[in-house]
Amino acid sequence: MFSLARLSCFIAVAEELHFGRAAERLHMTQPPLSRQIQQLEAELGVQLIDRTTRTVTLTPAGAAFLPDARRILQLAESAALTVKRVPAGDLGTVVVGFTAASAHAVLPRLLERTREKLPDVKLELREMVSSVQLEALMSGDIDLGMARPPLKRPGIVSRPLLHEQLVAALPAGHPLVGQARQLTLNDLDGEDVVMYSPVEARYFNELLISTFTIAGATPRYVQFVTQVHTMLVLVRSGIGIALVPASAATLHPEGVVFRTIGAFRERPVELDACWRQDSTNPALLRLLRDVLPAREWTTDDLLDGFGG
């Protein structure tokens with residue numbers, strides 16, 4: 001099989017149609033250049049160049065071979081540059097697990113920053129609850145998780161990605177919407193509340209139970225669901241009130257009003273980035289260094305604000 005060096009020699013001669021100029025362009029003398037062309041012709045079994053003492057021309061076979069020779073050389077050069085970019089993390093794939101709630105909180109910012117800073121790194125997204133993300137990290141099915149703490153597994157490291165407040169999502173016609181003062185948790189005492197599932201959404205379920213217990217409020221749990229967007233559909237339908245992460249306001253659901261709650265524990269909702277400590281994926285390491293924030297994001301980083 002012909003070498004890339006011989007292809008370079010042929011292309012130079014074909015473009016210059018002069019052995020002297022082609023040799024000068026390649027920083028070599030004419031005799032070795034002529035030998036390279038002869039060896040290429042022998043390997044292909046066809047004459048590519050007509051040489052006389054006065055002229056150099058391409059044969060029909062040489063003219064037909066020139067475009068392919070250029071493409072082969074360009075592809076080889078491109079492949080060499082590509083393979084050098086992979087170890088640096090400039091090019092590659094990162095498989096990212098995310099919870100449904102983080103899809104409208106952190107995921108848009110992550111995608112935006114990745115396109116800006118690492119445009120040739122592909123993010124392959126997989127929606128899964130936090131516990132499943134940990135299993136997928138352990139098995140190597142994903143490279144990066146965006147999950148709710150605690151994330152205690154051997155070999156798994158994490159760092160805070162987002163802290164945000166819980167806010168009340170109310171049906172537009174609910175009496176509490178018209179309250180001029182800031183709402184408190186005690187306003188939810190005895191109210192119908194859409195609650196998180198104790199199994200599939202255990203993090204939020206336990207957070208709300210402890211929060212209501214500390215406040216001394218006892219709402220009526222009328223439905224148990226897993227996803228925030230499902231909660232907002234039920235709120236819009238008038239089923240009850242829900243407490244949701246502030247970033248849920250980015251969904252702008254019609255018929256739902258968001259109100260802040262006073263005397264609430266500051267930014268109780270946590271989301272962490274997590275990955276295997278022994279990961280050797282260069283693209284993941286670049287993502288951790290150049291895309292994920294040096295400090296955790298806040299709701300103010302992710303949305304302009306909400307009513308109330």
What residue among V194, V233, I239 forms side chain to side chain contact (heavy atoms under 4.5 Å, CB included) with V225?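 Going through V194, V233, I239 one by one, the side chain to side chain contact (heavy atoms under 4.5 Å, CB included) with V225 is satisfied by V194 alone.
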
Among residues two or more places apart or on two chains, list those pairs meeting salt bridge (Lys or Arg N to Asp or Glu O under 4.0 Å) that have a residue in [range].
range            : answer
residues 237-251 : none
residues 47-62   : E41-R51
residues 137-150 : none

Non-neighbouring partners of D192 that pass salt bridge (charged side-chain N to carboxylate O under 4.0 Å, His left out), sequence neighbours left out: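 Result, salt bridge (charged side-chain N to carboxylate O under 4.0 Å, His left out) vs D192: R220.
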
Which residues pass the salt bridge (charged side-chain N to carboxylate O under 4.0 Å, His left out) test with E16, not counting sequence neighbours? R21, R25

Between [X] and [Y] (side chain of the first, backbone of the second, donor and acceptor by atom type, cut-off under 3.5 Å), is there such a pair?
X    : Y    : value
N281 : T93  : yes
Q133 : M146 : yes
R276 : G155 : no
R286 : V121 : no

By side chain to side chain contact (heavy atoms under 4.5 Å, CB included) - contacts of V46 (at least two apart):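 V46: side chain to side chain contact (heavy atoms under 4.5 Å, CB included) contacts with L44, L48, A61.
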
Going by side chain to side chain contact (heavy atoms under 4.5 Å, CB included), name the residues that satisfy it together with R70, two or more places apart in sequence or in a different chain.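 R70 satisfies side chain to side chain contact (heavy atoms under 4.5 Å, CB included) with I11, E15, L66 only.
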
For F98, check ring pair (Phe, Tyr, Trp, His ring centres under 6.0 Å) against everything at least two apart and list the hits.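 F98 satisfies ring pair (Phe, Tyr, Trp, His ring centres under 6.0 Å) with no residue once adjacent residues are dropped.
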
Can you confirm whether L188 sits close enough to L243 that some side-chain heavy atom of one is under 4.5 Å from a side-chain heavy atom of the other?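 Yes, side chains in contact.
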
Of all heavy-atom pairs between L73 and L4, which one has the smallest distance, and what is that distance?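 That would be CD1-O, 4.0 Å.
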
Rounded to the nearest 0.5 Å, the OG1 atom of T184 sits from the CG atom of L176 at a distance of 9.0 Å

All pairs passing side chain to side chain donor-acceptor pair (under 3.5 Å) where residues 224-246 contributes a residue, at least two apart: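 Side chain to side chain donor-acceptor pair (under 3.5 Å) check on residues 224-246 returns no pairs.
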
Sequence neighbours excluded - ring pair (Phe, Tyr, Trp, His ring centres under 6.0 Å) pairs with any residue from residues 180-216: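 Residue pairs passing ring pair (Phe, Tyr, Trp, His ring centres under 6.0 Å), neighbours aside: Y196-F204.
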
Strictly by ring pair (Phe, Tyr, Trp, His ring centres under 6.0 Å), give each pair with a member in residues 19-56 just once, sequence neighbours left out.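 Listed by first then second residue: nothing to list.
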
Other than M128, which residues form its hydrophobic cluster under the rule that side-chain heavy atoms must be closer than 4.5 Å?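 Other cluster members: V95, V129, V132, L134, L137, M138, I142, L151, I156.
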
